[in-house]
Amino acid sequence: MESLSEPQCRAGSPWRGLLITAFILSCWIQSTSAQVTVVPNPPYGEVNHNVTLDIQGFSGRALFYTWYRKAVAETNKIARYTVETGVQEPADIREKVLSNGSLLIPHLTLNDSDDYHVLIVDSQGNIIVAQGHLTVYEPLSKPLINSTNMAPVENKDNVSLTCQSEVQDVTYQWFITRSSPAGDRTVLSPDNKTLAIMKVTREDQGPYKCEIRNPVSFSESEFTLNITYGPDTPIIFSRIPHYPVGATIELNCSAESNPPAQFIWLFDGIQMTSSSKLSIANVSLNHTGTYTCKASNSVTGLSSSKDINITVSERTTKPNLTAHRTNVMENDTLAFTCGTEQKGVDILWFFDDKPLILNERMELSMNNQILTILSLKREDDGSYECEIRNPISSSRSDPITLTVNYGPDYIKVVPNPKKGEIEVKFKGSLTLECRVESYPPAQYIWQVNGTMNSDFSNTYVIKYATWEDSGKYTCLAKNNVTNLSVSKSIRIKVIAEQYMGGRNGSSFSGEAITGIVIGVLTAITLIGTLIYIQYFRKTRRASKDQLSEKNHSAGQHGENIILYENTVHFRGSALSVQGPGSSPTFLEDPPESSYQMLDITRVDVYDKLNPWKKPKA
């Protein structure tokens with residue numbers, strides 16, 4: 001291939017430049033051009049900024065570079081740069097070709113957006129053509145947000161927000177309080193420019209943000225919906241709902257509303273003032289009633305109201321508690337009356353300084369003013385009071401003490417034997433106590449074997465029991481107020497002290513003891529001789545010594561006589577009698593663990609060896 005100074009194809013036409021370009025394109029454009037590209041740096045141009053169109057993919061040695069706009073044509077040529085001389089033709093233009101062939105475009109305008117081509121002739125005479133596209137964007141200003149309704153009504157109106165930008169080729173994105181729109185009531189248009197909200201609520205007020213972007217900048221705007229709503233049910237603030245006569249009533253009303261609600265106050269349906277606050281000084285009983293706060297919204301056309309009941313009361317005074325009598329009998333009926341002329345008070349009852357707990361025998365009537373107790377019981381005895389209360393004070397009556405007379409009843413005598421008979425030892429002591437339930441305390445009388453005792457104590461004392469103290473004892477108790485009386489009888493048995501055999505032992509009266517002694521001595525008289533003769537036949541001498549010793553023992557202890565079953569026992573030996581007519585038998589060692597000493601007023605001591613001998617007193 002020849003150089004450009006000696007081309008094989010020549011042109012004689014005056015349109016020499018056009019022919020040269022055509023010649024170049026027809027004869028020397030290489031197929032490698034597709035591998036060389038033009039790339040903007042930065043990738044996107046921005047108005048009033050610079051951009052460099054770099055050549056990428058060319059690695060040869062260039063002789064000159066020629067830049068074109070839109071297409072490779074002489075009429076579209078921007079500039080030609082000769083590498084050897086470093087000269088750009090033309091030189092006085094805005095665009096500059098750099099030594100590496102790149103094209104610098106300063107102070108970009110939107111009109112600089114276009115396709116750009118570069119024609120490269122290398123040292124071998126090859127022609128390479130590369131192309132690229134430059135898009136220039138201008139900086140974005142804040143978008144404008146428009147609303148179809150500037151004061152939508154809650155739960156009634158729909159609203160559409162549209163984001164508008166002066167710049168074309170931008171993207172749109174919406175945010176609601178920093179989140180993307182979501183939910184069944186929000187709808188976005190296909191280009192994201194419009195956001196629709198169905199039946200707005202106060203929670204939909206925003207703020208809403210519209211963001212626009214292009215490759216070189218972004219901008220955003222915020223919008224808050226002015227949603228009208230309310231008024232909600234008012235809230236009434238009151239220091240206290242109850243006032244004494246002469247005080248000042250102060251009430252304040254508020255309600256959620258947009259725009260703010262208007263208020264009026266009514267008293268029992270009659271308008272008083274057009275304000276959120278109500279103040280009434282020096283109130284009287286006539287100011288007791290219902291106060292109403294009414295709130296309204298002229299934009300939504302809605303209204304709402306709230307009532308409060310105010311009580312004006314006089315301070316309470318002490319009530320007068322009365323009863324037709326205070327000393328009553330058990331099972332009577334009694335009524336208490338709590339006297340007061342004050343109106344609008346509650347009446348409460350107290351028993352022994354504690355709130356009265358009603359039972360089935362108690363009734364309240366006349367708005368709790370009368371307390372009736374049917375069939376009075378002894379547990380109703382005590383102190384009664386009534387108290388009147390209103391919202392600002394309370395007063396209690398003086399107490400009335402109720403006395404309930406009852407009895408006597410539930411009588412018992414102590415000690416209380418299981419079999420109704422009390423045993424007391426001869427010359428022993430015994431105290432009987434009679435007990436009853438009674439108010440006032442009962443009067444007591446004792447009867448002993450039908451004889452009235454002059455001592456009116458509830459106790460009866462036997463200091464030294466004799467046989468004559470045995471018998472029937474009766475305690476009579478009487479209440480002189482109720483005129484009721486009760487009695488209780490027991491039997492007393494005086495017994496002698498003695499030892500008794502058997503598992504359970506037994507006690508005998510003086511008459512029984514005398515019979516036993518006579519029977520035993522008679523038996524001794526019948527069998528004594530046989531014992532004496534038989535005993536001395538076998539061992540006369542031994543018996544003599546033994547009898548002498550026993551006589552000596554009997555002489556010392558003859559008065560210590562013990563009955564063991566049917567046995568008369570001398571200390572150290574015993575004479576046993578099995579029954580009337582039986583022969584007596586001596587027992588040397590009767591079982592001492594079964595002895596029981598009897599209280600005997602007289603003991604006749606017989607000689608053991610001679611039971612027929614007259615006894616010693």
Side-chain angles (χ1 to χ4, degrees), residues 147-159 176-177 183 185 197-208 222-316 342-348 367 388-395:
S147 174
T148 57
N149 191 333
M150 299 306 294
V153 178
E154 185 178 37
N155 298 320
K156 179 180 179 182
D157 293 340
N158 302 329
V159 176
I176 306 174
T177 57
R185 294 187 299 106
I197 305 141
M198 308 300 173
K199 291 188 176 180
V200 294
T201 67
R202 66 191 71 180
E203 289 78 18
D204 295 328
Q205 65 181 0
Y208 293 82
E222 283 191 357
F223 186 88
T224 300
L225 285 175
N226 181 29
I227 299 173
T228 59
Y229 57 87
D232 294 345
T233 301
I235 299 174
I236 298 177
F237 299 93
S238 173
R239 185 171 58 88
I240 52 174
H242 309 289
Y243 296 84
V245 171
T248 298
I249 294 177
E250 291 184 349
L251 304 176
N252 193 6
C253 186
S254 68
E256 290 289 332
S257 178
N258 183 35
Q262 294 81 45
F263 298 93
I264 61 172
W265 280 97
L266 301 96
F267 174 60
D268 288 344
I270 301 174
Q271 183 172 339
M272 299 182 67
T273 183
S274 298
S275 172
S276 62
K277 295 182 179 180
L278 176 65
S279 179
I280 307 173
N282 195 26
V283 295
S284 66
L285 296 177
N286 294 329
H287 289 97
T288 296
T290 301
Y291 291 78
T292 302
C293 171
K294 184 177 181 181
S296 59
N297 186 324
S298 59
V299 176
T300 63
L302 301 175
S303 64
S304 183
S305 62
K306 179 71 173 181
D307 294 340
I308 183 172
N309 292 318
I310 298 296
T311 303
V312 179
S313 305
E314 294 179 331
R315 296 191 180 277
T316 58
Q342 291 186 282
K343 305 297 182 183
V345 295
D346 295 325
I347 299 178
L348 296 88
N367 294 324
I388 62 172
R389 292 181 183 178
N390 64 21
I392 63 170
S393 65
S394 64
S395 297

Looking only at heavy atoms, what is the nearest atom pair of [X] and [Y], with distance?
X      : Y      : answer
Pro234 : Ser304 : CD-OG, 3.5 Å
Glu154 : Gly230 : OE1-N, 4.5 Å
Gln342 : Thr316 : OE1-CA, 3.2 Å
Ile280 : His287 : CG2-NE2, 3.7 Å
Ser147 : Leu225 : OG-CD2, 4.2 Å
Thr248 : Tyr243 : O-CE2, 3.4 Å

Euclidean distance, [Y] [atom2] relative to [X] [atom1], rounded to 0.5 Å:
X      : Y      : atom1 : atom2 : answer
Arg389 : Asp346 : CZ    : CG    : 8.5 Å
Ile236 : Trp265 : CD1   : CH2   : 4.0 Å
Asp268 : Thr290 : CG    : OG1   : 5.5 Å
Gln262 : Ser275 : CD    : OG    : 12.0 Å
Ile388 : Ser393 : CD1   : OG    : 7.5 Å
Ile227 : Asn149 : CD1   : CG    : 10.0 Å

What verdict does the side-chain hydrogen bond (donor to acceptor under 3.5 Å, both in side chains) test give for Asn226 and Asn258, after you've listed the backbone C-alpha separation in whole Å, the side-chain angles of each residue and the deciding distance to 0.1 Å? CA-CA 8 Å; Asn226 181 29; Asn258 183 35; 3.1 Å; yes
Assess the residue pair Glu314 and Leu285 against the criterion (side chain to side chain contact (heavy atoms under 4.5 Å, CB included)); give the C-alpha distance rounded to whole Å, side-chain angles, the decisive distance to 0.1 Å, and a yes or no. CA-CA 8 Å; Glu314 294 179 331; Leu285 296 177; 4.1 Å; yes
task: Output, in order, the C-alpha distance, side-chain angles, deciding distance and verdict of side chain to side chain contact (heavy atoms under 4.5 Å, CB included) for Cys253 and Tyr291.
output: CA-CA 11 Å; Cys253 186; Tyr291 291 78; over 6 Å; no
With no hydrogens and no angle check, is any side-chain donor or acceptor of Glu250 less than 3.5 Å from a backbone partner on Lys277? no
> Can you check whether His242's main-chain N or O pairs, donor with acceptor, with Thr311's side chain at less than 3.5 Å?
Replying inline: no
| task | For the pair Phe263 and Ser274, evaluate side chain to side chain contact (heavy atoms under 4.5 Å, CB included) and give the outcome as yes or no after the intermediate values. | result | CA-CA 6 Å; Phe263 298 93; Ser274 298; over 6 Å; no
| Ser238 and Ile308, any side-chain heavy atoms less than 4.5 Å apart | yes
Margin query: Contact between Lys199 and Asp157 at the side-chain level, heavy atoms closer than 4.5 Å - yes or no?
Written below: no
Exercise for review: Take atom CD of Glu256 as the centre, draw a 6.0 Å sphere, and report whether it contains more than 12 heavy atoms from other residues, nucleotides or ligands.
Suggested key: no
Counting only heavy atoms not in Asn367 (residues, nucleotides, ligands), do more than 12 fall under 6.0 Å from its CG?
no
Residue pairs meeting salt bridge (charged side-chain N to carboxylate O under 4.0 Å, His left out), one or both in residues 223-236, sequence neighbours left out, come to Arg202-Asp232
Checking Ile197, Thr224, Val159 against Tyr208 for side-chain contact (heavy atoms from CB on, under 4.5 Å), the one that qualifies is Ile197
Candidate pair Val283 and Ile310, rule side chain to side chain contact (heavy atoms under 4.5 Å, CB included), full reasoning = CA-CA 11 Å; Val283 295; Ile310 298 296; over 6 Å; no
| Polar side chain donor-acceptor pair, Thr228 to Thr300, under 3.5 angstrom | no
